[in-house]
Every structure is written in C-alpha cells, then in structure tokens.
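Quick notes on the structure that follows.
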4 protein chains.
Amino acid sequence: MRIGMLTSGGDAPGLNAVIRGAVLIGQTVHGHDFIGLRDGWRGLIEADTMPLGRNEVKGISKQGGTILGTSRTNPFEGRGGVDRVTEVMTELGIDAIIAIGGEGTLAAAKRLTDAGIRIVGVPKTVDNDLDATDYTFGFDTAVQIATEAMDRLRTTGDAHSRCMVAEVMGRHVGWIALHSGMASGAHAILIPEQRTSMEQIAAWVTSAASRGRAPLVVVAEGFTLDSMDDPHSERGLDAFGRPRLGGIGELIAPLIEERTGIETRATTLGHIQRGGTPSAFDRVLATRLGMAAVNAVTNGDWGRMVALRSTEIVTVPFAEALGTLKTVPQSRYDEAAMLFG
Amino acid sequence: MRIGMLTSGGDAPGLNAVIRGAVLIGQTVHGHDFIGLRDGWRGLIEADTMPLGRNEVKGISKQGGTILGTSRTNPFEGRGGVDRVTEVMTELGIDAIIAIGGEGTLAAAKRLTDAGIRIVGVPKTVDNDLDATDYTFGFDTAVQIATEAMDRLRTTGDAHSRCMVAEVMGRHVGWIALHSGMASGAHAILIPEQRTSMEQIAAWVTSAASRGRAPLVVVAEGFTLDSMDDPHSERGLDAFGRPRLGGIGELIAPLIEERTGIETRATTLGHIQRGGTPSAFDRVLATRLGMAAVNAVTNGDWGRMVALRSTEIVTVPFAEALGTLKTVPQSRYDEAAMLFG
Amino acid sequence: MRIGMLTSGGDAPGLNAVIRGAVLIGQTVHGHDFIGLRDGWRGLIEADTMPLGRNEVKGISKQGGTILGTSRTNPFEGRGGVDRVTEVMTELGIDAIIAIGGEGTLAAAKRLTDAGIRIVGVPKTVDNDLDATDYTFGFDTAVQIATEAMDRLRTTGDAHSRCMVAEVMGRHVGWIALHSGMASGAHAILIPEQRTSMEQIAAWVTSAASRGRAPLVVVAEGFTLDSMDDPHSERGLDAFGRPRLGGIGELIAPLIEERTGIETRATTLGHIQRGGTPSAFDRVLATRLGMAAVNAVTNGDWGRMVALRSTEIVTVPFAEALGTLKTVPQSRYDEAAMLFG
Amino acid sequence: MRIGMLTSGGDAPGLNAVIRGAVLIGQTVHGHDFIGLRDGWRGLIEADTMPLGRNEVKGISKQGGTILGTSRTNPFEGRGGVDRVTEVMTELGIDAIIAIGGEGTLAAAKRLTDAGIRIVGVPKTVDNDLDATDYTFGFDTAVQIATEAMDRLRTTGDAHSRCMVAEVMGRHVGWIALHSGMASGAHAILIPEQRTSMEQIAAWVTSAASRGRAPLVVVAEGFTLDSMDDPHSERGLDAFGRPRLGGIGELIAPLIEERTGIETRATTLGHIQRGGTPSAFDRVLATRLGMAAVNAVTNGDWGRMVALRSTEIVTVPFAEALGTLKTVPQSRYDEAAMLFG
C-alpha cells in the first residue's frame with residue numbers, strides 16, 4: 001500500500017517520532033510505501049509531496065517540529081473537497097492517508113472518511129484536550145518545560161519576595177496549568193474551567209506570603225476573570241481603552257499587586273512550550289502511536305484514530321474523540337486546590 | 001490522627017513529593033499530625049524520629065532523595081517484630097503508618113497489617129516492576145535521564161563509527177531499557193524477560209551499521225546471556241577465572257566487537273538514573289499518591305496501597321501488588337523489536 | 001573578624017555560590033565569623049540580620065536566588081548614610097562588609113569606602129555589563145537558558161515556516177543577545193549598541209527564508225528602532241496612542257511580518273533567564289569570587305572588588321569597574337553579523 | 001581558495017560548530033570553497049572526501065559529534081607522509097587544510113607544516129589540557145554534564161547516607177574533576193597532578209560525614225594511588241591477581257568503605273561526558289574558533305592554531321601549544337582543597 005502522511009495544525013513535540021515509527025514499521029514489517037504531504041492538508045490538495053522513506057526519518061524522533069511541515073489549511077476550503085482529494089490520491093497512487101492533527105484535523109478526516117476516503121488519524125494536541133485518549137504526545141514535554149521554567153521563577157521570586165505569575169498554554173482547558181502548577185508547587189492555578197475571583201486569588205497569594213513563601217500563580221492563557229474583577233473586560237478593552245494585547249498573565253499581575261501589596265511580575269512562557277526535543281515519555285508514546293496507525297491502515301480500520309488507554313494503544317472511531325473537549329474535571333481541580341492554602 | 005511516615009529501600013525521584021503531598025493535605029485538610037521515621041523501618045523499630053510538618057516539606061517536591069532517609073532494614077529482623085512496632089507506636093502516639101517502598105517494604109507492611117497494625121502503602125520502584133499500578137514514580141525520571149544519556153552516546157558513536165552499549169537499571173525487569181531504548185532509537189534492547197543470543201545481537205548491530213548508523217545497544221543490568229554465548233557464565237567467573245565484577249554491558253561489549261568487527265564501547269549509567277530532580281510527570285504522580293495515601297488513612301483503608309490506573313489514583317490491597325513482578329509482556333517487546341531491524 | 005554580607009539589586013544565578021564560598025573558607029581557613037544582612041543595604045541600615053554559618057550555606061551553591069534576600073535599597077537614602085552604617089556596624093560588631101551587587105551597589109560601596117567603611121565588592125550583573133571583569137556570574141546561565149529556549153523556538157518556526165523573534169535580557173548592552181544568538185545560529189541579532197534599520201532586519205529575514213530556513217531574530221530588550229522605522233517612537237506611544245507596554249520583541253514582530261510577508265511570532269523570555277540552578281561555569285566562577293572576596297577582606301583590600309581576568313581571579317579598585325558600561329565592541333558585533341547573511 | 005577540513009582524535013562537543021563557523025564565513029565573506037576529509041587524517045591520506053558547503057552545515061552547531069567523522073589515524077603512518085599529503089592535495093585541488101584536533105593532531109600538523117604543507121589548527125581536547133589557550137571547546141560541556149550527574153548522585157547519597165565516588169574524564173590532567181568537583185561541592189577531588197593518600201581521602205570523607213553530609217569524592221580517571229595504599233598496584237594486577245579492568249573510581253570506593261566504615265558506591269560517567277548538544281559557551285567558543293581559523297588561512301598564517309585568551313581569539317604557533325600539558329597548577333588545587341575540610 002502507498003500511504004500519504006500529513007501533519008496539520010499547531011506543532012507538538014513528538015510529531016517526528018510518530019512519522020518515524022510509522023515509516024519504519026510500515027516499510028520493514030508491512031512492506032508499505034510512504035509519501036509525505038507537505039504542510040498538512042495543503043500538501044494533499046495541492047499534490048505537494050516529499051519523499052518519505054527510511055532515510056528521511058533517520059534520527060528524527062528526538063527533533064521537535066515536523067519534517068513534513070504543517071499549516072492550518074482546511075481540506076474543504078478553496079479548491080479542496082472530496083473530489084479534489086480523491087483526484088490527488090489517484091494521481092499520486094495513494095491508497096490511504098495517516099492524518100496527524102488536533103480536533104479540526106480529525107473533524108475534517110471524519111468528513112472525508114464519511115465520503116469514502118481511507119484515513120486513519122493520530123491525535124495531536126499539546127493542550128491534552130482530546131477525549132478518548134489518556135494523554136496526547138507533546139503534553140508531557142510542555143508540562144516539563146513549564147515546570148522547569150517555574151522552578152527558575154520561584155528562585156527569583158524568593159530572592160525578591162515577589163509574587164510570580166506564569167502564563168502557560170491552554171486556550172480552552174487547563175491541563176498544562178494543572179500539571180505544571182502541581183509539579184512546581186504553585187499557590188494558585190487558574191484555568192478556563194474554573195471561575196476564580198480576584199478576591200480568592202489574592203487570598204491565596206497573601207496566605208503563601210504570610211508563610212514566608214514567594215507566591216507562584218500559574219494561569220492558563222484561556223482563563224478569564226469575572227467582569228466584576230476586570231473593569232474593562234466587557235468592552236474587550238484595557239485600562240487605556242484600547243483592544244487588549246497582552247495575555248491574561250500580564251492582566252492579572254497588576255491586579256494581584258494592587259490587592260495584596262506584594263510586588264508581582266508576569267512571565268508568558270509562549271512558544272518555548274511546544275518546540276524542541278520531546279521528553280522520553282512523549283517519544284515513546286508518539287512512536288507507539290505511529291506504529292499503531294500503520295497497523296490500523298493495514299487492517300483497514302478507516303475512520304478511527306489511535307489512542308492511549310492506560311498503558312495500551314487502542315483505536316477509537318473519530319466520532320468518539322470529537323464533539324467534547326476533555327476538560328479538567330472538578331475532582332482533579334479540587335485535588336490540586338487542596339495544596340494552595 | 002498522628003501519622004508516622006517512612007521511606008524504605010532504594011531511593012527514587014519523587015519520594016519527597018509523596019511526603020510533601022501527604023503532609024500538606026494531611027495537616028490543612030484533615031487536621032492530622034505527622035512524625036517522620038528515619039531511614040525506613042529502622043526509624044520505627046528504634047523510635048528514631050524527626051519533626052515532619054509544613055515547614056519541613058517546604059519546596060522539597062523538586063528534590064531527589066528523601067528527607068526521611070532510607071535503608072533496607074526489615075522490621076521483623078533483630079529486635080523488630082509486631083510487638084516492638086506496637087510498642088513504639090504507642091510510645092510515640094502514632095495511630096497509623098504510611099510506608100513508602102518497594103516489594104519488600106509492602107510485603108513487610110502486609111505482614112504487619114495482618115497482625116493488626118494500621119498501615120497504608122505507597123508503591124516505590126524505579127524499575128516499574130510492581131503490579132497493580134500503571135507506573136511507579138521515579139520510573140519516568142529514570143527513563144528520561146537514560147534517554148538523554150543515550151542521545152549523547154549516539155553522537156559520539158556516530159563520530160567514531162562505533163557501537164555504543166548502554167547499561168541501564170532493571171535487575172528483574174526491562175521497563176527502563178524498553179522505554180529508554182525506544183525513545184532513543186536503539187538498534188537492540190536486551191532485557192531479563194527475553195533470551196537473546198549473541199548471534200541475534202550481532203545481526204542487529206551489523207544491520208544498523210550497514211545502513212550507516214552507529215549501533216546503539218541498550219541492556220538492562222539483569223539481562224543474561226545463554227551459557228553457549230558466555231563461556232564463563234556457568235561458573236560465575238569471567239575470562240580470567242575470577243568472580244565477575246563488571247556489569248553485563250561491559251561483558252557484552254567485547255563480544256559484540258569480536259563478532260561484528262565494529263569497535264564497541266560500554267557505558268554503565270548507574271546511580272545517576274535514580275537521583276536528582278524528578279520529572280514533572282513524577283512530581284505530579286508522587287504528589288497525588290501522597291495525597292491519596294492520607295485519604296486512605298483517613299478512611300481507615302488499612303492494608304491497601306495507592307496506585308495509578310490510567311489517569312486516576314485508586315487503592316488496591318497489598319496482596320494484589322505482591323507476588324508477581326510486573327514484567328515486560330511479549331507484545332510490548334515485540335512492538336519495540338520491530339524497530340531494531 | 002566579623003564580616004557582614006549582603007546581596008543587592010536584581011538576583012543572578014550564582015549569588016548563593018558566592019555566599020557559600022566566602023563563608024566556608026572564611027570560617028575554616030581564616031577563622032572569620034559571618035552575619036547575613038537581609039535584602040541588601042536595607043538589612044544593613046535597619047540592622048536586619050540572619051545567622052550565616054556553615055549550616056546555613058549547606059548545599060546552596062546549586063540554588064538560584066539568594067538566601068540573604070535582595071532589594072534595590074540605596075544605603076544613602078532615608079535614614080541611611082555613613083553615620084548610620086557606622087552605627088549599625090558597631091552595634092552588630094561588624095568589622096567589614098562584603099557587598100555583592102551591580103553597578104549601583106558598587107557605586108554606593110565606593111562612596112562608603114571613601115568615607116572609611118571597610119568594604120570589599122563582588123560584581124554581579126546578569127547582563128555582563130561591568131567593566132574590569134571578563135565575565136560576571138549569572139551571565140553564562142542566562143545565555144544557556146536563552147540558547148535552549150531558542151533551540152526550541154527554531155523547531156516550531158521550522159514546522160510552521162515562521163519567523164521567530166526572541167527577546168532576551170540586556171537593557172543597556174547586548175551581551176546575552178550576542179552570545180545566545182551566536183550559539184543558536186540566529187539570522188539577526190539586535191542590540192542596544194547597534195542601530196539597525198527595519199530594512200536591514202527584513203533583508204536578513206528574507207535572506208534566511210530564501211535559503212529554506214525559518215528565520216530567528218534575537219533582540220535585546222534595550223534595542224531601539226530609529227524613529228523612521230517606528231512611527232510612534234517619538235512620543236513613547238504605541239499605534240493606539242497609549243504608553244508602550246509590550247517589549248521590543250512584540251513591537252518588531254509585526255513590523256517584520258509587514259515588510260517580509262513572513263508570519264512572525266515574538267517570545268519574551270523574561271525572568272526565567274535569571275532564576276534557577278546556575279550553570280557549572282557560574283558555580284565555579286561564583287565560588288572562586290566568594291573565596292577571593294574573603295581573601296581581600298583578610299588582606300584589608302578595602303575599596304576593591306574581585307574580578308575574573310582570563311582564568312585568574314584578581315582584585316581591582318571600585319573606580320575601575322564604574323563609570324563605563326562594558327558594551328559589545330564593534331569587532332565582536334561584526335564577527336557575529338558575518339553569520340547572518 | 002579550496003580548504004580541506006578534518007577532525008581528528010576523540011570527539012568533543014563543539015566540533016560541528018567549528019566546522020559550521022568556518023564554512024559559513026569562508027564561503028560568504030571570503031569566497032573560499034570547502035571539502036570535507038573523512039575520519040581525520042585518514043580522509044586526507046586516502047582522498048576520502050565529502051561535500052562541505054552551506055547546505056551540509058545547516059543547523060549542526062547544536063549537534064554533538066562531527067559530521068566529518070574522526071579517527072586516530074596518524075598521517076605519517078602506512079602510506080601517509082608528506083609526499084602522499086602533497087599528492088592528494090594536488091589531486092583534490094586543496095590549497096590549505098584546517099585541522100581540528102588535540103595534541104597528536106597538532107604535532108602531526110606541525111610536522112607537515114614544517115615540510116611546507118599549508119595548515120591552520122584548531123585545538124580540541126575535552127580534557128582542557130592544551131597550553132596556549134584559556135579553554136578548549138567541549139570542556140565546558142563536559143564539566144556541565146559531570147556537574148549535573150553529581151547533583152543527582154548527591155541526592156541518592158544523602159538518602160542512603162552513602163559516600164558517592166564519581167569518576168570523570170582526565171587521563172593526564174584534572175581540569176574536569178577540579179571544575180565539576182568545585183561546582184558540585186565535592187568533599188574531595190583527586191587528580192593526576194596531586195598525590196593524595198588513602199589516609200587523607202578517608203579523613204575528608206569522615207569529616208564530611210561527621211557534619212551530616214553524604215560525602216562526594218570526584219576522581220579523574222588518571223589519578224593513581226601510591227603503591228602503599230594500593231597493595232596490587234605494583235604488579236598492575238587487582239586483588240584477584242588479574243589485570244586491572246575497572247577504573248580508579250571502582251578501585252578506591254571499596255578502599256574508602258574499608259577505611260571509613262561508610263557505605264560507598266562508584267559511578268563512572270564515561271562517554272556521556274563527551275557527546276550530545278554542546279553548551280552555549282562551547283558553541284560560541286567553537287564558532288569563533290572556526291571563523292578565526294578561516295581568517296588565519298586567508299592571511300596565510302600557516303603553522304599556527306587559533307586560541308582563546310581572555311575573551312579574545314588569537315593565533316599562536318603550533319610549537320607554543322605543544323610539548324607541555326596544561327596541568328592544574330598548585331594554586332588552583334589548593335583553592336579547591338580549602339573547601340573540602
């Protein structure tokens with residue numbers, strides 16, 4: 001079989017390990033042939049390809065990014081669509097596609113599969129917000145990077161008796177904040193799933209400071225304040241009446257300082273959380289997912305994605321992974337919050 | 001309640017995070033009082049204690065080792081035994097014990113629990129060889145350290161066109177070798193659970209070299225060669241007729257060189273795998289286990305240990321965790337071995 | 001002799017190693033006695049002290065921050081001044097002071113020394129902008145952290161074919177940008193010492209992109225654009241007519257995107273550059289400086305600071321270190337710039 | 001000019017950064033043309049080459065090892081010699097050679113230069129034992145890796161109240177031991193330059209233990225015990241009458257345990273010290289050396305090597321770098337030893 005492979009959406013540490021795992025096992029064990037589709041669905045729609053054999057995947061499992069490139073192109077937009085996909089697959093002799101991507105990618109894959117295209121999916125989201133898999137690769141690396149950064153922030157906070165605010169990734173869910181905050185001993189973790197008032201935040205910060213600790217507040221980028229705590233929020237404007245530019249970390253730092261009297265500094269970790277060498281955990285997970293994806297292709301398990309359940313790799317229908325974000329459940333938040341006080 | 005806490009057996013990254021998680025939540029949420037027992041069961045038998053409150057656990061979750069100290073003392077040896085344990089607990093006003101340790105510790109804990117002592121266990125083994133829990137803390141850190149070391153070994157192997165042999169921990173099981181070998185793209189992984197002939201090892205090494213790769217062989221310390229491959233093994237002697245001193249890595253390196261003609265070097269990672277700052281994964285896992293252990297104490301779940309199942313912390317009877325080592329199953333080995341060729 | 005020790009100004013990785021080196025050698029070799037002054041000059045003026053003996057400095061050389069705390073208090077402001085310093089020293093029985101700090105600290109130390117107070121200085125600046133020493137401790141760690149962050153940014157830039165802008169520390173000088181940019185293979189390094197037009201920056205970015213590279217631009221926080229490139233700069237206002245909040249990285253990223261048509265993202269590394277475990281280089285340097293400071297005290301070398309010259313530790317008069325910032329010389333910038341094209 | 005480039009002897013982190021720095025600046029600034037000679041002098045003698053242009057050096061400065069390969073071939077052995085070198089250079093159109101290597105390499109380069117071959121050298125030794133340069137690249141990375149390993153060893157030593165012995169590189173000189181031992185707070189540093197009796201070692205270990213510290217002993221691989229401390233040394237045999245196999249760390253660990261009664265464990269860091277991603281310090285140093293080597297070629301500075309003096313890159317005649325090893329001077333050892341007690 002000739003398999004086209006693509007990576008779509010934001011990059012995540014482990015993409016290359018998926019690709020390598022799939023190609024190695026696909027070639028040597030199953031005798032498949034691979035072709036790389038450049039920059040996600042764009043490469044498919046535009047028939048923009050690259051060779052993808054044993055030589056191309058040499059030593060890449062420890063590299064961040066993706067050798068295939070990625071983009072946010074939707075395969076149904078522009079000149080795309082089922083007919084175009086079918087046409088390109090025929091033209092390139094592609095029998096099946098392995099699509100590595102997040103919810104948008106998998107939704108598109110589902111739509112294409114429903115129309116008869118043969119696709120197997122590999123879930124990818126640094127935020128860990130996909131249902132039907134215990135973890136997605138990239139998440140562990142992001143948590144590790146964020147935790148190391150917070151270890152650093154704490155020592156400078158201690159030296160200056162400052163409150164440090166660290167903004168981490170997580171537009172819709174707070175998994176990275178939850179784990180990195182727990183790992184680094186944060187005194188408050190603010191996530192999109194939980195409404196938290198400035199009064200409560202200030203109470204946690206004051207409590208930590210009163211015990212001689214330099215308070216550490218971890219906030220997911222998607223956390224929002226109630227409008228009563230954020231006088232400008234209704235209008236989407238900041239204190240100067242302009243559209244908000246900075247992140248939530250930079251917004252709440254001065255509010256914390258104002259309420260607690262404790263000097264407060266914000267740091268936005270940003271893109272460093274999603275790049276670079278993946279953790280060993282993510283390399284193993286990604287490699288296994290890549291291998292399992294090829295097995296699914298070999299078995300003709302179209303319309304399914306591979307997933308981690310406990311320590312096993314399984315496959316689940318696209319539908320199961322879509323629709324609902326995997327948010328931080330109340331019990332996990334409560335567990336973490338017991339350590340704030 | 002007054003809870004005595006002890007860490008026993010070899011150290012593992014995350015011990016301090018367990019202790020901190022337990023003490024923080026025990027004090028602030030449940031109103032318990034803690035007392036540290038020094039150096040494992042020895043501290044209990046000899047009533048050798050240290051204060052263990054909020055102040056003692058400040059900032060320790062990122063420190064390797066254990067602030068309580070550890071030893072391999074068996075509570076039934078010497079002046080120990082059920083009567084002595086009861087006596088010391090009464091004397092110190094200890095209502096219950098949280099014992100953090102590996103199979104030996106948990107077996108002793110079971111025996112004491114069977115005699116009516118109130119104990120909750122927290123499983124600890126860097127080797128990840130305990131049944132009834134998906135992972136033990138310390139394992140992820142060990143795999144990460146080993147993987148980083150192998151990333152380094154590979155570049156020096158490449159520069160010199162050498163075969164590098166890396167010996168990792170794993171006396172009875174090959175989990176660390178399996179995961180670190182998979183993460184680092186090893187061309188052979190040798191584990192105690194699998195008989196592998198020198199002929200097969202040499203074939204993998206030769207195959208990697210023939211593709212222009214510097215071969216990497218990962219071997220668990222507990223791997224053994226068949227006697228036909230190891231002329232001295234029957235007598236437990238080495239080529240000079242002396243008791244074997246070096247590890248298996250140093251044993252097979254010259255055998256590989258002899259069979260393949262490829263210059264081969266061995267490195268034994270040793271103690272660096274079990275010390276130092278735990279990974280974020282292990283800090284989160286260990287913190288949650290410590291918190292759950294206190295919950296189990298509060299609920300009177302004597303004779304049980306806390307465990308990870310998928311993403312949840314559960315409790316299981318000691319008996320369930322004992323008796324059988326969690327070895328690498330054939331399917332997981334076969335999965336990894338597909339990447340050697 | 002009884003020696004008071006203080007750390008003043010922003011924290012830097014290595015402060016604790018200086019303290020430990022001084023205390024260990026001061027106590028065991030010279031028989032001195034130490035007293036910690038809390039939060040820089042504030043602790044001296046307010047006689048706010050902490051014990052500082054062998055026990056307090058155990059294992060601290062690998063910890064970031066400073067166990068003495070720090071602040072930006074000026075010893076001549078408020079109730080401070082020569083008389084107050086003399087009074088407190090007499091009261092506490094302090095014979096001499098070791099002051100660890102940057103240019104402001106050393107300037108105050110000089111003024112106090114000129115008035116007869118016995119002070120030896122240890123230079124501290126993460127930015128490496130102090131004359132009379134080859135390097136200051138903390139700089140190597142900051143460069144290493146920034147370089148590792150850029151290694152991560154590059155892989156995500158490559159995956160998305162984006163230009164990545166990384167803002168590093170360096171308010172007045174570009175040393176961190178120069179070294180981390182050179183180490184990470186940056187395609188442009190923008191430093192306060194060098195005027196660089198948006199046209200030039202865009203040319204470098206375009207050139208890198210044309211060779212298939214994801215452009216990396218490293219910019220020191222103190223870099224400024226010519227007003228012709230930055231329509232709002234004259235008024236200190238941004239495009240919305242408000243006082244500028246974001247850093248230079250966030251300012252130039254959209255300007256690069258506009259001029260080159262290449263999607264561009266900015267990351268501000270911020271406080272993570274100055275916290276956490278110091279590099280081995282900085283630990284050795286800081287330990288040696290701390291030891292040398294005690295030797296200087298023992299020799300009565302008042303009014304001098306310790307400094308690194310090649311591989312040796314020497315002492316130089318305060319005056320020599322003050323007055324002129326150590327900026328990046330033209331030759332070093334030209335050397336680095338040869339690699340941009 | 002067409003420049004042949006080779007890397008010879010043991011690999012060191014930074015080799016690729018030298019190559020990249022030279023090629024980038026050589027091509028774009030000076031218009032030179034490069035050709036890679038494989039596996040050191042072997043590639044020259046056997047005219048075994050690889051293309052070496054801008055494309056080949058993309059992104060390699062952060063990779064360990066050397067893309068050119070390396071070996072310990074001597075250019076005067078076998079079919080080698082001045083005539084053969086001249087013949088190959090003519091055949092390949094090579095005008096000059098940049099040879100990157102240690103003392104052996106530079107000695108051979110000197111001999112060839114004396115015979116009229118145009119060579120510029122770049123010093124390389126992880127051990128830092130070359131005179132005429134403040135530091136060699138690779139040394140900083142090795143010290144950093146060793147220091148991180150010791151940070152890990154200390155926590156496991158503390159947990160078990162054990163003495164940990166760490167054997168680091170340094171066959172003839174103790175620089176890595178000195179720096180990593182100082183950085184990690186070792187209680188004893190044993191180097192080839194200093195005779196140290198078992199009695200003294202045991203005294204240091206006992207002293208550390210008596211202060212509640214888990215003793216850390218750092219030993220360079222080239223350290224030797226006096227024969228009176230090592231009953232078998234005269235015959236080069238171990239306690240079983242066999243040729244010694246293990247390193248000095250494994251030799252002294254049981255001797256320490258015997259003398260002090262403190263459980264002692266040895267770890268040999270081995271090859272991980274010389275592989276993998278170079279530190280930022282080494283990348284900057286190596287890049288600058290590579291660029292300077294090309295400048296030296298351009299200027300016709302044959303028979304010279306580039307070197308670091310303070311913060312500047314200079315060139316020195318081969319002769320100056322050869323002949324005497326740069327050993328640890330007594331003053332530097334005494335400085336470090338003050339911290340043992």
Side-chain angles (χ1 to χ4, degrees), chain C residues 17 20-21 24-25 28-29 54-55 58-62 134-135 140-148 150-151 154 158 178-185 211-213 277-288 291-292 295 308-313 329 331-332 335-336 338-341, chain D residues 17 20-21 24-25 28-29 54-55 58-62 134-135 140-148 150-151 154 158 178-185 211-213 277-288 291-292 295 308-313 329 331-332 335-336 338-341:
Chain C
R20 174 179 167 275
L24 285 189
I25 203 174
T28 60
V29 177
R54 193 148 194 158
N55 215 48
K58 248 187 205 170
I60 65 170
S61 67
K62 69 167 194 278
D134 281 3
Y135 294 107
D140 184 69
T141 304
V143 170
Q144 180 66 30
I145 295 170
T147 300
E148 288 175 10
M150 286 171 208
D151 286 350
R154 291 200 73 151
D158 277 330
L178 184 85
H179 278 240
S180 63
M182 210 168 184
S184 59
R211 297 193 310 275
R213 309 292 281 158
T277 304
S279 70
F281 181 98
D282 278 337
R283 292 196 224 174
V284 171
L285 173 56
T287 301
R288 295 180 73 199
M291 294 169 76
N295 289 338
L308 178 70
R309 290 276 172 80
S310 187
T311 62
E312 297 304 312
I313 307 294
S331 61
R332 288 297 303 277
E335 181 190 46
M338 283 183 206
L339 298 164
F340 299 168
Chain D
R20 174 180 168 274
L24 285 189
I25 204 174
T28 60
V29 177
R54 193 153 192 151
N55 214 47
K58 246 188 207 173
I60 65 170
S61 67
K62 69 168 194 277
D134 281 3
Y135 295 107
D140 184 69
T141 303
V143 170
Q144 180 66 31
I145 294 170
T147 300
E148 288 175 11
M150 286 172 208
D151 286 350
R154 290 200 73 151
D158 277 331
L178 185 84
H179 278 240
S180 62
M182 211 168 184
S184 59
R211 297 193 311 275
R213 310 292 281 158
T277 305
S279 70
F281 181 98
D282 278 338
R283 293 195 223 173
V284 171
L285 173 56
T287 302
R288 295 180 71 198
M291 294 168 76
N295 289 337
L308 176 70
R309 290 275 171 83
S310 186
T311 62
E312 297 304 312
I313 307 294
S331 60
R332 287 298 304 277
E335 181 190 48
M338 284 185 207
L339 297 164
F340 299 168

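- The structure places CD of D:E335 at 7.5 Å from CD1 of C:I25, a figure rounded to the nearest 0.5 Å.
- Each of C:E148, C:R211, C:R20 has some count of heavy-atom pairs under 4.5 Å with chain D, and the biggest count is that of C:R211.
- Proximity to chain C (any heavy atom under 4.5 Å) is restricted, for D:V29, to the side chain, taken from C-beta onward.
- Remark: C:A286 pairs with C:A17, C:V18, C:F137 by the side-chain contact (heavy atoms from CB on, under 4.5 Å) rule, at least two apart or across chains.
- With rounding to the nearest 0.5 angstrom, the CG atom of D:L24 is 11.5 Å from the NZ atom of D:K58.
- Heavy atoms of D:R154 lying under 4.5 Å from chain C are absent altogether.
- Looking at D:R213, only its side chain comes within 4.5 Å of chain C, counting heavy atoms on both sides.
- The candidate from D:L339, D:N55, D:D140 with the greatest count of non-hydrogen atom pairs under 4.5 Å with chain C is D:L339.
- Put simply, CG on D:D151 and NZ on C:K62 are 5.0 Å apart, with the number rounded to the nearest 0.5 Å.
- Residue contact with chain C, scored on non-hydrogen atoms closer than 4.5 Å, involves the backbone and the side chain of D:T311 alike.
- Chain D forms the most heavy-atom pairs under 4.5 Å with one residue out of C:R288, C:M291, C:R54, and that residue is C:R288.
- Using a 4.5 Å cut-off between heavy atoms, C:S279 touches chain D through backbone and side chain atoms alike.
- The contact between D:M338 and chain C is made by backbone and side chain atoms together, counting heavy-atom distances below 4.5 Å.
- Listed here is the closest heavy atom pair of D:P278 and D:S61: CG-O, 3.7 Å.
- Note on ring orientation: taking the six-membered ring where Trp is involved, the planes of D:F281 and D:Y135 are perpendicular (angle over 60°, cut-offs 30° and 60°).
- Taking all atoms of both residues into account, the shortest heavy-atom contact from D:R283 to C:S184 is NH1-CA, 4.2 Å.
- Options C:D282, C:L285, C:T147, C:L178 differ in how many heavy-atom pairs under 4.5 Å they form with chain D, and the most are formed by C:T147.
- In this structure, chain D has heavy atoms under 4.5 Å from both the backbone and the side chain of C:D134.
- Here C:R309 does not pair with C:E312 in a salt bridge; the nearest charged N to carboxylate O distance is not below 4.0 Å.
- The greatest number of non-hydrogen atom pairs below 4.5 Å with chain D, out of C:V284, C:N295, C:T287, C:L308, is found for C:V284.
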